[in-house]
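Ligands are counted one by one from 1 in listed order, and the atoms in each one are counted from 1 as well. Sequence positions, counted from 1, serve as the residue numbers for this chain.
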Amino acid sequence: MNATQELKAHALALGFDAVGVAAVARLDAQAHYDAWLAADRHGEMAWLASDKHRARRAKPELLVKDIRSVLCVALCHPPDRDIARDQRLGRIARYAAGEDYHRIMKDKLLPLERWIRTELFPGSHSLWYADTGAILERGWAERAGLGWTGKHSGLLHPQRGSWFLLGEILMDRELEPDVPIGKDHCGTCTRCIDVCPTRAIVAPYQVDARLCISYLTIELRGPIPRELRPAIGDWIFGCDLCQEVCPWNRFAPPAREARLHANELSGWSLERFLRIGEQEFMELFADSPIRRANRAGFVRNVCVALGNRGERQAIAPLMQTLTRDKEALVRGHAAWALGQLARGDGAAGATSREILEAREALKGAMLDADPFVREEATAAFAVAQGHA
Ligand code: SF4
Ligand code: SF4
C-alpha cells in the first residue's frame, strides 16, 4: 500500500463513508462563490464576505503553508424520517436531528490528523475542517470525486445521494489525487427547484440564502420576513425538501454513525417548546446543532410552525407566549401565529369563543411595550378580522 491508500483505509476504518483526495489548484467553485457573495445572497452571514475569509478561501496556502493536498471525507446521516416524531415536534433537518455533527467530525478527524502528523508523514503540517472555517468545502469535495454539485447547489453522488456531511484535512504532503466525477448528472430534472416553497433556488445551481428556510430558521437572528412565514410550513430547524425530492436519494445508504440518528426528545411537543426557558434550552440541546439557533430564534421558529399548522390546541399556548415571553422577537411571532389561527378559516375546529379570545389577546398585544410586537399584533389582528 502506498501512503494515499494507507491514509484512505485509515479514514474508512474510522467510520467515514467515502474519502477522496483533491489536488491543490484554484477551484472552479471559487468564481461561483464570489458571484454569490457579490449578489448579497449570503444575507446576514457577513463573516463570509469579510476580507479575511475571502483571502483564506481563495488561498488555502494561508491556512497551511506549502499545502499540497486536501483529503476530503464524507459521513452519511440517516436518509429516513420518523413521521410520528415530525407530527409532535415539527420538522428538523435530518443532519441536525441527532448529535452535533461538528463534534462527531472532530472526534474522527482529530485522531486522523494526528496519525498523519505522527505516523504517516512525521513532521508534516496539517489542519482539519468540518464546516468550521473559511474553505470551499463542496468545491474541494467535488474535485476529490465525492460528488457533483446539483441544481440545489448541494453535493450528490450516484451511489450515496446527498444525505452526507463533509470534512477535510489540508496537508503539506503530496497524495495521489482522485478524478472528479466531471459530469453533471442532473440532466433535465428540476424537481428541487420546483419543490422549494420559498423559491430560494433562484436559478439552477444558485441558492439565495436570504430566501432559504435553512438560513431563515438557523442563521437569521431577527424576525423572519412576514411574507416568507407561510412557506416555511412546520420546519423548525433547517429544511430538507430539495433533497427529499431528488431522484438520486433513492440510492442513499443508511447511516452507520449511531450518533447521527435522531434524538427522541420524549415528552416534548411544539406546544411545550413554547414554554422552554433559557437554561432548559441549553440543557436539552447541549449536544445538538439546534443550540446554534439560540432559544429566542428557536421559539420564534416554533411559533411560525404552529401558525402554519392550523391546529386549535395551539391557540391557548400561543396566547400565553404572547403575553409572557421575555423576548419581543418571540412575542411578535406568537402574534403572527395567533393571527393565522384566529382567521375565519384558521384553526380547524376552534370554537367562536377561542377565536374571540385570540383576537382579544392580539388587541392587548397592540399595547405591548415593544414596537416590533405592537406592529406584529396590529398586522395579525387585521388578518384575524379578515382585513388583510
Ligand atoms: S433547503 Fe428548502 S428552502 Fe432551502 S433551497 Fe432547499 S427546498 Fe428551498
Ligand atoms: S432534484 Fe434533480 S435537479 Fe435537483 S439536484 Fe437532484 S437530480 Fe439535480
Side-chain angles (χ1 to χ4, degrees), residues 28-29 32-33 35-37 39-45 48 74 76-79 81 86 90-97 101 131 137-139 141-142 146-166 180-220 223-253 289-290 292-293 297 300-301 304-305 308:
D28 297 340
H32 186 270
Y33 193 80
W36 183 77
L37 286 176
D40 272 340
R41 292 193 170 136
H42 55 294
E44 284 183 8
M45 297 181 284
L48 295 177
C76 292
H77 60 80
R81 147 168 307 299
D86 290 352
R91 284 177 293 176
I92 296 168
R94 286 160 171 77
Y95 80 85
Y101 66 94
D131 190 24
E137 288 204 300
R138 264 172 301 185
E142 193 168 17
L146 295 190
W148 81 92
T149 301
K151 289 180 188 171
H152 53 23
S153 99
L155 206 69
L156 61 163
H157 185 273
Q159 276 88 49
R160 278 185 299 280
S162 64
W163 303 121
F164 57 84
L165 302 155
L166 295 172
I181 289 181
K183 188 170 155 35
D184 173 344
H185 293 275
C186 286
T188 56
C189 174
T190 56
R191 286 193 199 185
C192 52
I193 299 172
D194 301 338
V195 81
C196 179
T198 52
R199 318 308 299 162
I201 309 176
V202 291
Y205 317 102
Q206 291 185 43
V207 173
D208 189 333
R210 295 167 296 183
L211 300 173
C212 177
I213 295 170
S214 286
Y215 167 80
L216 296 169
T217 57
I218 301 172
E219 303 295 343
L220 183 68
I224 294 175
R226 223 180 278 158
E227 67 280 9
L228 293 177
R229 294 175 199 164
I232 290 176
D234 63 353
W235 289 101
I236 60 167
F237 192 89
C239 167
D240 284 333
L241 289 174
C242 50
Q243 296 185 79
E244 282 176 4
V245 297
C246 180
W248 291 100
N249 272 331
R250 281 175 301 176
F251 309 112
I290 292 176
R292 183 171 177 80
R300 167 201 67 185
N301 300 343
V304 172
N308 286 331

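Taking 2.8 Å as the criterion, His152 does not count as a coordinating residue of atom 8 (Fe) of ligand 2, since none of its N, O or S atoms falls below it. Cys239 lies close to atom 2 (Fe) of ligand 1, since one of its N, O or S atoms is found at a distance under 2.8 Å.
Nearest heavy atoms, Ile92 versus Ile290: CD1-CD1, 3.9 Å. Taking every heavy atom of both residues into account, Pro158 and Ile181 meet most closely at CD-CD1, 3.9 Å. Minimum heavy-atom separation, Tyr205 to Gly150: CD2-O, 3.3 Å.
Atom numbering of ligand 1 starts at 1 in the shown order; those under 4.0 Å from a heavy atom of Cys196 are 3 (S), 5 (S), 7 (S), 8 (Fe). Atom numbering of ligand 2 starts at 1 in the shown order; those under 4.0 Å from a heavy atom of Cys246 are 1 (S), 6 (Fe), 7 (S). Of all atoms in ligand 2, listed by their number and element, those nearer than 4.0 Å to a heavy atom of Cys189 are 1 (S), 2 (Fe), 3 (S), 7 (S). Listed by number with element, the atoms of ligand 2 under 4.0 angstrom from any heavy atom of Trp248 are 7 (S).
Contact annotation for Thr198 and ligand 1: only side-chain heavy atoms (C-beta onward) come within less than 4.0 Å of the ligand. Under 4.0 angstrom from ligand 1, the non-hydrogen atoms of Ile201 all belong to its side chain.
By the 4.5 Å heavy-atom criterion applied to side chains, Cys246 and Arg191 are not counted as neighbours. Using a 4.5 Å cut-off on side-chain heavy atoms (C-beta onward), Val202 and Val207 make no contact.
Nearest protein heavy-atom neighbour of atom 3 (S) of ligand 1: Ile213 N, 3.2 Å. When only non-hydrogen protein atoms are considered, atom 4 (Fe) of ligand 1 lies nearest to Cys212 SG, 2.4 Å. With hydrogens left out, the protein atom closest to atom 8 (Fe) of ligand 2 is Cys186 SG, 2.3 Å, a heavy atom. Ranking the protein heavy atoms by distance from atom 7 (S) of ligand 1 puts Cys242 N, 3.4 Å first.
Donor-acceptor pairing under 3.5 Å is recorded for the side chains of Gln206 and Arg41.
For the pair Arg210 and Glu44, the salt-bridge criterion is not met [side-chain N within less than 4.0 Å of a carboxylate O].
Between the Asn308 side chain and the Arg229 main chain, a donor and an acceptor come within less than 3.5 Å of each other.
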